[in-house]
Amino acid sequence: MKEFKPIKEGKVREIYDIGDSLIITATDRISAFDVILKNKVTDKGAILTQMSRFWFDFTKDVIPNHMISTDVKDMPEFFQNEKYDGNSMMCKKLEMLPVECIVRGYITGSGWASYQENGTVCGIQLPEGLQESQQLPEPIYTPSTKAEIGDHDENVSYEKTVEILEKQYPGKGEYYAAALRDNTIALYKKCAEYALSKGIIIADTKFEFGLDEEGNVVLGDEMLTPDSSRFWPKEGYEPGKGQPSYDKQFVRDWLKANPDSDYDLPEDIIDKTVEKYKEAYQLLTGKDFDR
């Protein structure tokens, strides 16, 4: 049996090159404040992978994506075991574009802090009098450049993305920049409307895109998971304050309250976090989570 080693390891994901395609495995590692915690969160990787699979299927009429299969039977024998089952996705190889495509439908987090300071989010002027967590009149596109692990991504203007892409793809910068922006907004609108009908508000999210061999723009990476998005429960939503969320909030709050923890979490915090991920999955897909 041929063995495979990851060609790239991120904070949570491992990427394997199997020749004509890639296998992306979401591990049960969890990171907060740019640090990988000592604990594993059981089933987290599988929930993220299955959630991405759901959204990739749901949006394939908007734009093609890189997913080929999440069934390990379609993968080399090395991956046909419990370690990779459910949390791995076989994907087309893409030439990833150097822009993180962030879309915000509600004002929160760093966007809210910036708005309080000068009425803008990432340089975009917004109406006066917005409250924290309020829905924006229209979703806004606030791209950033991708940083290396350990560095922070840098917010850039749409014009800057044209410049970055033009440098890499002479004569195509404007075309690719517009494709990224328009697809990001279209994907967000379709998915946010659907999620709202299932009881979840998608406050903001990020997408990543790449080019296939013909130079077509294709959706890659993960999609609309609690790791790449802010999900809020619709029930009890009220602008004017922060909202509870379906993500690592329990983890972040506990770490802030326990600065000497050395990034080692108690079991109940892990359990609560897994439950939140599972609840989001169940609401969105209509099915209980099962690897």
Side-chain angles (χ1 to χ4, degrees), residues 10-14 24-59 67 70 72 82-89 102 105-106 108-109 133 187-188 191-192 194-208 221-237 242-257 261 263-291:
K11 291 198 281 281
V12 172
R13 282 178 176 64
E14 293 169 354
I24 301 176
T25 297
T27 68
D28 288 343
R29 294 194 291 265
I30 188 165
S31 71
F33 308 119
D34 286 332
V35 175
I36 298 170
L37 275 55
K38 294 188 171 168
N39 317 70
K40 295 275 200 296
V41 178
T42 313
D43 283 338
K44 173 178 174 274
I47 296 166
L48 296 184
T49 298
Q50 300 306 323
M51 203 178 273
S52 283
R53 181 184 73 169
F54 169 79
W55 289 118
F56 283 141
D57 276 337
F58 183 71
T59 57
M67 178 173 73
T70 55
V72 289
E82 204 180 318
K83 184 182 173 187
Y84 298 99
D85 194 4
N87 62 339
S88 299
M89 184 179 287
I102 297 161
Y106 293 72
T108 183
S133 308
L187 287 166
Y188 174 76
C191 297
Y194 168 82
L196 199 59
S197 76
K198 301 294 179 188
I200 287 184
I201 291 168
I202 303 174
D204 52 38
T205 192
K206 81 171 171 69
F207 301 117
E208 292 193 36
D221 198 53
E222 64 178 322
M223 184 179 186
L224 286 163
T225 69
D227 270 20
S228 65
S229 324
R230 259 184 255 251
F231 291 166
W232 297 337
K234 180 180 166 188
E235 194 180 328
Y237 163 71
Q243 310 296 313
S245 59
Y246 288 100
D247 64 1
K248 299 183 276 195
Q249 208 51 55
F250 284 119
V251 171
R252 290 193 202 99
D253 291 349
W254 189 86
L255 288 170
K256 277 184 189 163
S261 66
Y263 293 95
D264 199 351
L265 299 174
E267 210 51 48
D268 66 316
I269 297 295
I270 298 273
D271 292 345
K272 279 180 183 168
T273 301
V274 177
E275 278 320 304
K276 274 288 161 209
Y277 278 70
K278 284 184 176 170
E279 191 184 326
Y281 178 88
Q282 196 273 328
L283 283 170
L284 290 167
T285 67
K287 294 192 294 233
D288 285 337
F289 172 72
D290 179 18
R291 284 180 81 104

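Sequence positions, counted from 1, serve as the residue numbers for this chain.
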- Item | Intermediate values then yes/no, side-chain contact (heavy atoms from CB on, under 4.5 Å), Thr27 and Asn87 | CA-CA 7 Å; Thr27 68; Asn87 62 339; 5.8 Å; no

- Item | Check against side-chain contact (heavy atoms from CB on, under 4.5 Å), Thr59 and Met223 | CA-CA 10 Å; Thr59 57; Met223 184 179 186; 3.5 Å; yes

- Assess whether side-chain contact (heavy atoms from CB on, under 4.5 Å) is satisfied between Ile24 and Glu222, documenting all intermediate values. CA-CA 9 Å; Ile24 301 176; Glu222 64 178 322; over 6 Å; no

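A donor atom on one side chain and an acceptor atom on the other are not found under 3.5 Å apart for Ser133 and Thr108. A donor-acceptor contact under 3.5 angstrom links the side chains of Glu279 and Tyr246, judged on distance only.
Taken from NZ in Lys40 to CZ in Arg29, the straight-line distance is 6.5 Å, to the nearest 0.5 Å. Asp221 CG to Ser52 OG: the interatomic distance, rounded to the nearest 0.5 Å, is 8.0 Å. How far OG of Ser245 is from CD1 of Ile201: 11.5 Å, rounded to the nearest 0.5 Å. Between Gln50 atom CD and Thr285 atom OG1 the span is 9.5 Å, to the nearest 0.5 Å. Here NZ of Lys278 is found 12.0 Å from CE of Met51. Values are rounded to the nearest 0.5 Å. Taken to the nearest 0.5 Å, the NZ atom of Lys276 stands 14.0 Å off from the CG atom of Asp271.
In terms of heavy-atom proximity, Gly45 sits nearest to Asp28 at N-OD1, 2.9 Å. Contact detail for Leu255 and Ser261: the closest heavy-atom pair is CD2-OG, 3.5 Å. When all heavy atoms are compared, the tightest approach of Asp247 to Thr273 is O-CG2, 4.2 Å. Closest heavy-atom contact between Pro266 and Trp254: CD-CZ2, 3.3 Å. In this structure, Thr205 and Ser228 approach most closely via the heavy-atom pair OG1-O, 3.3 Å.
Results of the side-chain contact (heavy atoms from CB on, under 4.5 Å) test with Ile202 over Leu196, Leu284, Leu224 single out Leu224 as the only residue that passes. Put simply, the residue from Leu37, Asp227, Val41 that forms a side-chain contact (heavy atoms from CB on, under 4.5 Å) with Lys248 is Asp227. Just one of Thr25, Thr70, Thr49 meets the side chain to side chain donor-acceptor pair (under 3.5 Å) condition when paired with Ser88; it is Thr25.
Ring orientation note: the planes of Trp232 and Tyr106 are nearly perpendicular, at an angle over 60° on the 30°/60° scale. Using cut-offs of 30° and 60° on the angle between ring planes, the pair Phe58 and Trp55 is perpendicular.
The ring-ring contact (aromatic ring centres under 6.0 Å, His included) pairs that include a residue from residues 263-285 are Tyr281-Phe289, where partners are two or more places apart or lie in different chains.
Contact annotation: the side chain of Lys287 never approaches that of Phe54 to less than 4.5 Å [non-hydrogen atoms, C-beta and beyond]. With a 4.5 Å cut-off on side-chain heavy atoms, Val12 and Lys44 count as touching.
Enclosure of atom CG in Asp268 by more than 12 non-hydrogen atoms of other residues, nucleotides or ligands within 6.0 angstrom is indicated.
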